[in-house]
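Since the structure is predicted, the reported quantities are computational estimates derived from the model, not experimental observations.
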Amino acid sequence: MKNLLRLTQLQPGEIYEIFHIADEIYAGKYRDALKGKSVILFFPDTSIRTRVTFEKGICLLGGQSVLFPSETLDKKEEIRDVCGYLNNWADMLIVRHRDMALVEKIAAYSAVPVINAMTEINHPCEILSDLYALSGIRRDFTADSYLFCGRAGNIGLAWREAAQVLGLDLSQCCAAGYEMEGVPVFHNIMEAVRGKDILCTDSLPAGAVRDFQECRVTKEAMERANQGAVLNPCPPFTRGQEVSGEVMDSPYFVGYGFKRHLLTVQQAIMLYCLSA
């Protein structure tokens with residue numbers, strides 16, 4: 001039994017093991033691997049892609065999903081008692097909640113694997129899916145140069161976790177005051193994009209949109225990146241804010257195709273966590 005709470009708890013070989021399981025799922029292996037198992041999910045109403053792909057992924061593997069809203073975990077009953085009861089019936093817990101400390105507490109009291117489906121400081125499943133997609137289209141995705149355009153939020157911090165584990169060359173483009181610690185920072189997209197292969201973005205809070213005008217990814221900016229560079233914005237993205245409408249309609253954008261893998265990679269993560 002294993003948990004997946006942070007990418008930094010994984011070794012590179014374990015990431016490639018998850019990728020291998022995903023390959024095997026695409027090849028038709030693991031049908032009914034969750035038959036007879038119940039997976040408890042805690043998700044907010046606003047979740048679309050992550051929730052749909054986890055629920056469908058569980059169903060396709062023959063399992064049963066039981067869904068609760070994330071706020072179910074915010075009542076006065078202690079988490080140790082919630083987990084004490086769920087340990088009787090659940091085979092896995094998948095939790096999307098802003099509070100990482102709460103997810104860690106659930107993992108501490110759970111007798112079954114716990115998967116972090118997003119917190120306010122990271123989003124490991126999303127980034128693993130993106131890395132898997134990149135592994136299929138790049139000669140060596142670990143040798144590419146990455147640029148994250150956005151604030152120090154859960155997506156950027158998750159990319160930083162991935163960079164720490166895999167040794168990725170990661171920089172950030174952001175407005176002053178939104179920097180992540182430990183990575184090179186640029187404040188202008190035209191300067192930041194030079195020499196980059198993979199551009200990633202995150203959605204901006206309303207109050208930050210004006211601050212990020214010099215960091216918006218445009219088609220003109222992508223043309224200054226390395227030949228063959230791709231743009232992978234994290235949804236939900238807003239055309240005209242962190243990305244231009246023109247670049248989203250260009251061949252640089254790979255987001256739709258990348259997110260196709262989210263279902264399979266999340267299936268692979270579940271199977272990996274259930275393995276001995």
Side-chain angles (χ1 to χ4, degrees), residues 7 15 18-19 21-23 25-27 43-61 94 96 117-118 122-142 144-150 153-156 158-159 162 168 170 173 189 193 196-204 209 212 215-270:
L7 292 177
I15 291 177
I18 292 170
F19 290 0
I21 295 171
D23 289 341
I25 293 170
Y26 276 125
F43 272 80
D45 291 338
T46 54
S47 178
I48 298 175
R49 286 155 287 267
T50 308
R51 174 181 163 183
V52 167
T53 47
F54 262 122
E55 287 199 66
K56 182 171 182 177
I58 292 164
C59 178
L60 291 175
L61 292 173
I94 300 175
R96 181 164 178 150
M118 196 183 83
N122 63 1
H123 200 347
C125 298
E126 185 91 11
I127 303 308
L128 282 174
S129 175
D130 286 348
L131 290 170
Y132 177 79
L134 284 167
S135 74
I137 68 167
R138 307 293 297 185
R139 178 175 299 176
D140 180 2
F141 74 96
T142 65
D144 284 329
S145 184
Y146 290 72
L147 178 66
F148 170 72
C149 301
N154 56 0
I155 299 301
W159 275 110
L168 305 180
L170 175 68
C173 181
I189 188 63
V193 75
K196 303 302 188 297
D197 301 291
I198 314 296
L199 274 77
C200 311
T201 72
D202 189 14
S203 58
L204 297 171
V209 173
F212 274 78
C215 303
R216 180 182 300 123
V217 181
T218 63
K219 187 177 179 183
E220 181 184 1
M222 290 299 304
E223 289 169 351
R224 298 192 179 197
N226 286 346
Q227 185 175 3
V230 298
L231 171 63
N232 177 42
C234 182
F237 54 79
T238 304
R239 296 167 186 256
Q241 292 189 5
E242 71 270 26
V243 291
S244 72
E246 183 183 25
V247 78
M248 297 308 295
D249 295 326
S250 76
Y252 293 111
F253 172 59
V254 295
Y256 299 149
F258 270 36
K259 288 300 174 276
R260 177 177 66 88
H261 298 295
L262 187 59
L263 186 153
T264 305
V265 171
Q266 288 177 167
Q267 288 179 311
I269 290 168
M270 289 187 284

Peer 1: Nearest 0.5 angstrom please: S135 OG to L128 CG, how far?
Peer 2: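 One finds 11.0 Å between OG of S135 and CG of L128.
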Peer 1: Rounded to the nearest 0.5 Å, what's the gap from CD1 on I94 to CD on E55? Could you check?
Peer 2: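 Separation between the atoms: 9.5 Å.
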Peer 1: Where is the tightest heavy-atom contact between T50 and S47, given as atom of each residue plus distance?
Peer 2: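 Residues T50 and S47, closest heavy atoms: CB-OG, 4.0 Å.
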Peer 1: Indicate the atoms forming the closest heavy-atom contact of S203 with P236, along with that distance.
Peer 2: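 Taking every non-hydrogen atom into account, CB-O, 3.0 Å.
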Peer 1: Which distance, rounded to the nearest 0.5 Å, do you find between the CD1 of I198 and the OH of Y146?
Peer 2: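 Separation between the atoms: 5.0 Å.
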Peer 1: Mark yes or no for whether N232, through its side chain, and C200, through its backbone, hold a donor-acceptor pair below 3.5 Å.
Peer 2: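 No, N232 side chain to C200 backbone: no donor-acceptor pair under 3.5 Å.
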Peer 1: Hey, does Q241 have a side-chain heavy atom less than 4.5 Å from the side chain of F212?
Peer 2: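 Counting from C-beta outward, F212 and Q241 never come under 4.5 Å.
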Peer 1: Compare every heavy atom of L147 with every heavy atom of C173, then report the nearest pair and how far apart it is.
Peer 2: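 Nearest heavy atoms, C173 then L147: N-CD1, 3.8 Å.
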Peer 1: Rounded to the nearest 0.5 Å, what separation is found between the CD atom of E220 and the CD1 atom of I189?
Peer 2: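 Output value for this atom pair is 11.0 Å.
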Peer 1: Would you give me the side-chain donor-acceptor pairs under 3.5 Å for residues 254-268, sequence neighbours excluded?
Peer 2:
{"residue": "K259", "atom": "NZ", "partner": "E126", "partner atom": "OE2", "Å": "3.3"}
{"residue": "K259", "atom": "NZ", "partner": "D130", "partner atom": "OD1", "Å": "2.6"}
{"residue": "H261", "atom": "ND1", "partner": "Y26", "partner atom": "OH", "Å": "2.8"}
{"residue": "T264", "atom": "OG1", "partner": "Y26", "partner atom": "OH", "Å": "3.3"}
{"residue": "Q266", "atom": "NE2", "partner": "T53", "partner atom": "OG1", "Å": "2.8"}
{"residue": "Q267", "atom": "NE2", "partner": "G57", "partner atom": "O", "Å": "3.0"}

Peer 1: So which heavy atom on V247 is nearest to which on F253, and how close?
Peer 2: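 For V247 and F253, the tightest heavy-atom pair comes out as O-CB, 3.9 Å.
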Peer 1: Under a 4.5 Å cut-off applied to non-hydrogen side-chain atoms, are V230 and L199 in contact?
Peer 2: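 Side chain of V230 against side chain of L199, heavy atoms only: no contact under 4.5 Å found.
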Peer 1: Quick one: CZ on F19 to OG on S129, what's the gap to the nearest 0.5 Å?
Peer 2: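 The CZ atom of F19 sits 8.5 Å away from the OG atom of S129.
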Peer 1: Provide the full list of salt bridge (Lys or Arg N to Asp or Glu O under 4.0 Å) pairs with a residue in residues 226-238, sequence neighbours left out, each pair given once.
Peer 2: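 Applying salt bridge (Lys or Arg N to Asp or Glu O under 4.0 Å) to every pair that reaches into residues 226-238, excluding sequence neighbours, yields nothing.
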Peer 1: Where do F141 and L131 come nearest, in terms of heavy atoms and distance?
Peer 2: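 The pair with the smallest heavy-atom distance is CE1-CD2, 3.8 Å.
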Peer 1: How long is the span from the CZ atom in F43 to the CD1 atom in I48, to the nearest 0.5 Å?
Peer 2: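 Atom-to-atom, F43:CZ and I48:CD1 are 12.5 Å apart.
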Peer 1: Provide the full list of salt bridge (Lys or Arg N to Asp or Glu O under 4.0 Å) pairs with a residue in residues 234-246, sequence neighbours left out, each pair given once.
Peer 2: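 Listed once each, the pairs are R239-D249.
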Peer 1: Could you check whether atom CG of D45 has more than 12 heavy atoms from other residues, nucleotides or ligands sitting under 6.0 Å from it?
Peer 2: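 No, because the 6.0 Å sphere around CG of D45 holds 12 heavy atoms or fewer from other groups.
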Peer 1: Could you pull out the closest heavy-atom pair between C234 and I155, with the gap in Å?
Peer 2: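 C234 and I155 have their closest heavy atoms at SG-CD1, 3.5 Å.
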Peer 1: Is there a side-chain contact between C149 and C215, using heavy atoms and a 4.5 Å cut-off?
Peer 2: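 They are not in contact (no side-chain heavy atoms under 4.5 Å apart), so the answer is no.
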Peer 1: Judged by atom type as modelled, is there a donor-acceptor pair below 3.5 Å linking the side chain of R216 to the main-chain atoms of S244?
Peer 2: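 Such a contact is absent between R216 side chain and S244 backbone.
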